[in-house]
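Sequence lines set the chain letters: A, B, ... in the order given, protein chains first and strands last, and positions in each chain run from 1.
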Amino acid sequence: MRIFDTMRDQIVDLKPKDPGKVSIYACGPTVYDVPHLGHARTALTYDVLKRYLTWSGYEVALVSNITDIDDKIINRAADEGVSEDQLSQLYTKIYIEQLQTFGIKDPDHRPLATQFITQMITIIEELMENGSAYEIVGSGVYFDVSKFGGYGALVNRSAEDLRDSAKARIASDEAKNDPLDFALWKTAKPGEPTWDSPWGSGRPGWHIECVAMSLDILGENFDIHGGGSDLTFPHHENERVECEAAGYSFARHWMHSGMLNVSGEKMSKSLGNFQTLGDAMERYGARPLRLAMLQAHYRSLMELSEDTMAGAIGGIERIDAFYRRMDAAQIGPEKTDANAKDRFSGAMSNDLGTPDALAVIFDLINAGNSSLDSQDFERASVSLASVTELLDVLGLGKVKKDSNDEIEKLIQRREVARQGKDFEEADNIRDELRSQGVEIEDTPTGTLWRYS
RNA sequence: GCGUCGGUGCCCGAGCGGCCCAAGGGAACGGCCUGCAAAGCCGUACAAUCGCGGGUUCAAAUCCCGCCCGGCGCUCCA
């Protein structure tokens, strides 16, 4: 398996700490609102990574956190007149449900930041003890970037560089020693949720929660730390320096998935609230959305548009039609195509090349359809078995057949009319079904139908 | 402004020195199949510029330089 490692800035061999096992920590969302398509793309990346590694024979442990305390949650809760707990619990629930609907498997652990306050405090204490952090009474505890050699390495920049950049854009907080220093612990403000600490009551800063949770659950030196590319700096770099300054070794590899854009104004006009995962799934369906995302490489910037989705819907339709034909011909899956699986693995093990992997699957579908047409049922069965196995690795498996007595009755009547060569009646029935959004297909073994 | 990633057919999107007269999906057109459809299969067209201009090389979509355009980052966004 080869992956692009942000730290090394190149594609490298994945070298797990323990051979045969891979531990992954993928940064999840701060739950102050419903999930948008970007959250879905990131979650999808690590879902597919885990599925593929598991299929390849690795034992995978995937941790994906929920950050349930932070400024945005506090502000939003105040706006809506609910408690921070109520707000974060509501959006956590929605997040989990929608990802499940989207076909994302639950991670092995889904820790909440607020359950790891003790561990965070311990790390901050260690940083204070060894001089990596300082306290400003009345404000909080800050990480001292100047004490850390190599700050900025994850983004390939020097601390001086980042400092200049920061100065140019941001009014520096005069309390801090250095504009790059960041809060590990924030002193309590009236009306905010607080926890006790050696520095008085307060709440954790951002970044530190991920260090506490990843170390606690996966241990030092875990294999992959991932998230969206917007988290690379400062979030991940800050996590990294906190962890290393405290004396622990952190992630062996860093992965970042690319951003997804839905072209703002053009989109919102015609599509309404298309940016949220829930709306997009309702509008296009979960599988087309998943296919659209997987047809782009996880690191590339992708733009979702009405056209993109129309294409993906067509792609899913092609997959489903393949299954319908196989079912109608009563072909079952038997042995798989080793060669196709090799090609698939080759694509996937090259930094998760899902577009190429999908191309392999579509080639198999094409071959299977041809085999059916030429009555080569054995080869058709091999295609079917291979497609089924590989599609499952990408989480795009087939859906169960719809059933509806009313529709089946109409199809029966049409069948009788066709037998009697009463094509006018048969076509009337077909038109009637179409007006109900039902498309039918006649095959040698009977008539199939689907919602169009 | 600094950094970084990218600009490939009608749309999406792989490819990242020769296997590329550029994968795969979608849309279009023609044919076969069908009572007619749908699905499928076969074929065709669409890139005379792979953002633009230079350069390196026997050979460039792929490497280098410059320019234009876009995304992301530059303290709380996946």
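Sorted pairs that involve residues 87-113 of chain A and meet ring-ring contact (aromatic ring centres under 6.0 Å, His included), not counting sequence neighbours, are lacking altogether. Applying the ring-ring contact (aromatic ring centres under 6.0 Å, His included) test to pairs two or more places apart or on separate chains, those with a residue in residues 421-452 of chain A are A:W449-A:Y451. The ring-ring contact (aromatic ring centres under 6.0 Å, His included) pairs that include a residue from residues 373-392 of chain A number zero, where partners must be two or more places apart or lie in different chains.
Here the side chain of A:A359 is nearest to one of B:C2, B:A23, B:C42, namely B:A23.
Residues satisfying the side chain to side chain contact (heavy atoms under 4.5 Å, CB included) criterion with A:I136, sequence neighbours excluded, are A:Y134, A:S139, A:Y142, A:A175. In this structure, the side chain to side chain donor-acceptor pair (under 3.5 Å) partners of A:T336, at least two apart in sequence or on a different chain, are A:K341. Residues that satisfy the side chain to side chain contact (heavy atoms under 4.5 Å, CB included) test with A:N369, not counting sequence neighbours, are A:F322, A:R325, A:I365.
Put simply, CG on A:L231 is 14 Å from C1' on B:C74, counting in whole angstrom units. Between A:L358 atom CG and B:G26 atom P the separation is 11 Å, expressed in whole Å. A:W206 has its CH2 atom 11 Å from the C1' atom of B:G73, to the nearest Å. Rounded to an integer number of Å, the gap from A:I313 CD1 to B:A39 P is 15 Å. For A:H235 and B:C76, the NE2 to P distance is 12 Å, given to the nearest whole Å. To the nearest angstrom, P of B:C76 lies 17 Å from CD1 of A:I69. Rounded to an integer number of Å, the gap from CG of A:D230 to P of B:G6 is 17 Å. Rounded to an integer number of Å, the gap from A:D363 CG to B:A23 C1' is 8 Å.
For the C1' atoms, the distance from B:G70 to B:C52 is 15 Å, rounded to whole Å. Here the separation of B:A22 from B:G43, taken at their P atoms, is 15 Å to the nearest Å. Comparing the C1' positions of B:A14 and B:G24 gives a spacing of 7 Å, expressed to the nearest Å. Comparing B:G73 with B:G18, their C1' atoms sit 37 Å apart, to the nearest whole Å. Rounded to whole Å, the separation between the C1' atoms of B:C72 and B:A78 comes to 12 Å. Of the C1' atoms belonging to B:G15 and B:G30, the separation is 30 Å, rounded to the nearest Å. Between the C1' atoms of B:A45 and B:C10, the separation comes to 11 Å (whole Å). Taking the C1' atoms as reference points, B:G26 lies 13 Å from B:G9, given to the whole Å.
Between A:H236 and A:W254, the ring planes are tilted. Angles from 30° to 60° get that label. Ring planes of A:W185 and A:W199: tilted class, angle from 30 to 60°. By the 30° and 60° cut-offs, the orientation of the rings of A:F182 relative to A:H207 is perpendicular.
Remark: RNA chain B forms stems of 3 or more consecutive Watson-Crick or G-U wobble pairs, all pair distances under 3.5 Å, at B:1-7 with B:68-74, B:10-12 with B:24-26, B:28-32 with B:40-44, B:51-55 with B:63-67.
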Please enumerate all protein N or O atoms sitting under 3.5 Å from an N or O of nucleotides 31-37 of chain B, with distances to 0.1 Å.
{"residue": "B:G35", "atom": "O6", "partner": "A:R414", "partner atom": "NH2", "Å": "3.4"}
{"residue": "B:G35", "atom": "O6", "partner": "A:R418", "partner atom": "NE", "Å": "3.2"}
{"residue": "B:G35", "atom": "N1", "partner": "A:D427", "partner atom": "OD1", "Å": "3.0"}
{"residue": "B:G35", "atom": "N2", "partner": "A:D427", "partner atom": "OD1", "Å": "3.2"}
{"residue": "B:G35", "atom": "N2", "partner": "A:D427", "partner atom": "OD2", "Å": "2.5"}
{"residue": "B:C36", "atom": "O2", "partner": "A:R430", "partner atom": "NH1", "Å": "3.2"}
{"residue": "B:C36", "atom": "O2", "partner": "A:R430", "partner atom": "NH2", "Å": "2.2"}
{"residue": "B:C36", "atom": "N3", "partner": "A:R430", "partner atom": "NH1", "Å": "2.9"}
{"residue": "B:C36", "atom": "N4", "partner": "A:D442", "partner atom": "OD2", "Å": "3.2"}
{"residue": "B:A37", "atom": "O2'", "partner": "A:R434", "partner atom": "NH2", "Å": "2.7"}
{"residue": "B:A37", "atom": "N1", "partner": "A:D442", "partner atom": "N", "Å": "3.0"}
{"residue": "B:A37", "atom": "N1", "partner": "A:D442", "partner atom": "OD2", "Å": "3.2"}
{"residue": "B:A37", "atom": "N3", "partner": "A:R430", "partner atom": "NH1", "Å": "3.2"}

Can you give me the N/O atom pairs linking the protein to nucleotides 17-20 of chain B at distances under 3.5 Å, or say none if there are none?
none

Produce the list of close N/O pairs, under 3.5 Å, pairing protein atoms with atoms of nucleotides 10-14 of chain B; give distances to one decimal.
{"residue": "B:G13", "atom": "O2'", "partner": "A:Q295", "partner atom": "O", "Å": "3.3"}
{"residue": "B:A14", "atom": "OP1", "partner": "A:H297", "partner atom": "N", "Å": "2.7"}
{"residue": "B:A14", "atom": "OP1", "partner": "A:S300", "partner atom": "OG", "Å": "3.2"}
{"residue": "B:A14", "atom": "O2'", "partner": "A:D356", "partner atom": "OD1", "Å": "2.4"}
{"residue": "B:A14", "atom": "O2'", "partner": "A:D356", "partner atom": "OD2", "Å": "3.0"}

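Under the 4.0 Å criterion applied to side-chain N and carboxylate O atoms, A:E192 and A:K186 are not assigned as salt-bridge partners. Between A:R324 and A:D320 no salt bridge is recorded (no basic side-chain N to carboxylate O distance below 4.0 Å). The existence of a salt bridge linking A:R76 and A:D79 is excluded, since no basic side-chain nitrogen approaches an acidic carboxylate oxygen closer than 4.0 Å. Note on A:D108 versus A:K50: salt bridge recorded, some NZ/NE/NH1/NH2 to OD/OE distance being below 4.0 Å. The residues A:E425 and A:R414 are annotated as not salt-bridged, no charged nitrogen and carboxylate oxygen being separated by less than 4.0 angstrom. A salt bridge links A:D47 with A:R290; the closest basic N to acidic carboxylate O contact falls under 4.0 Å.
Using a 4.0 Å heavy-atom criterion, one finds that A:N238 contacts no nucleic acid atom at all. Within the nucleic acid shown, A:S374 has no heavy atom closer than 4.0 Å to any nucleic acid atom.
The line from CG of A:L396 to CD1 of A:I316 is 5.0 Å long, rounded to the nearest 0.5 Å.
Toward the 5' end of RNA chain B, the nearer of the two residues A:R325 and A:R299, judged by each one's closest nucleotide, is A:R299. When each of A:T232 and A:H36 is assigned the nucleotide of RNA chain B with its nearest heavy atom, A:T232 is the one assigned upstream, toward the 5' end.
For the OP1/OP2 pair of B:A39 and a distance below 4.0 Å, the side-chain nitrogens and oxygens of A:N369 include no atom meeting the criterion.
You won't find any donor-acceptor pair under 3.5 Å spanning the side chain of A:H256 and the base of B:A78, going by distance alone.
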Test A:S146 against A:D178 for side-chain hydrogen bond (donor to acceptor under 3.5 Å, both in side chains), laying out the working first.
-> CA-CA 8 Å; A:S146 70; A:D178 181 328; 5.6 Å; no
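Contacts between residues 151-159 of chain A and RNA chain B, counted as heavy-atom distances below 4.0 Å, involve A:R157.
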Cut-off 3.5 Å, no hydrogens considered: what does the side-chain donor-acceptor table look like for residues 292-299 of chain A, sequence neighbours left out?
{"residue": "A:H297", "atom": "NE2", "partner": "A:D351", "partner atom": "O", "Å": "3.4"}
{"residue": "A:H297", "atom": "NE2", "partner": "A:D351", "partner atom": "OD2", "Å": "3.4"}
{"residue": "A:Y298", "atom": "OH", "partner": "A:D351", "partner atom": "OD1", "Å": "2.6"}
{"residue": "A:R299", "atom": "NE", "partner": "A:D351", "partner atom": "OD2", "Å": "2.9"}
{"residue": "A:R299", "atom": "NH2", "partner": "A:D351", "partner atom": "OD2", "Å": "2.7"}

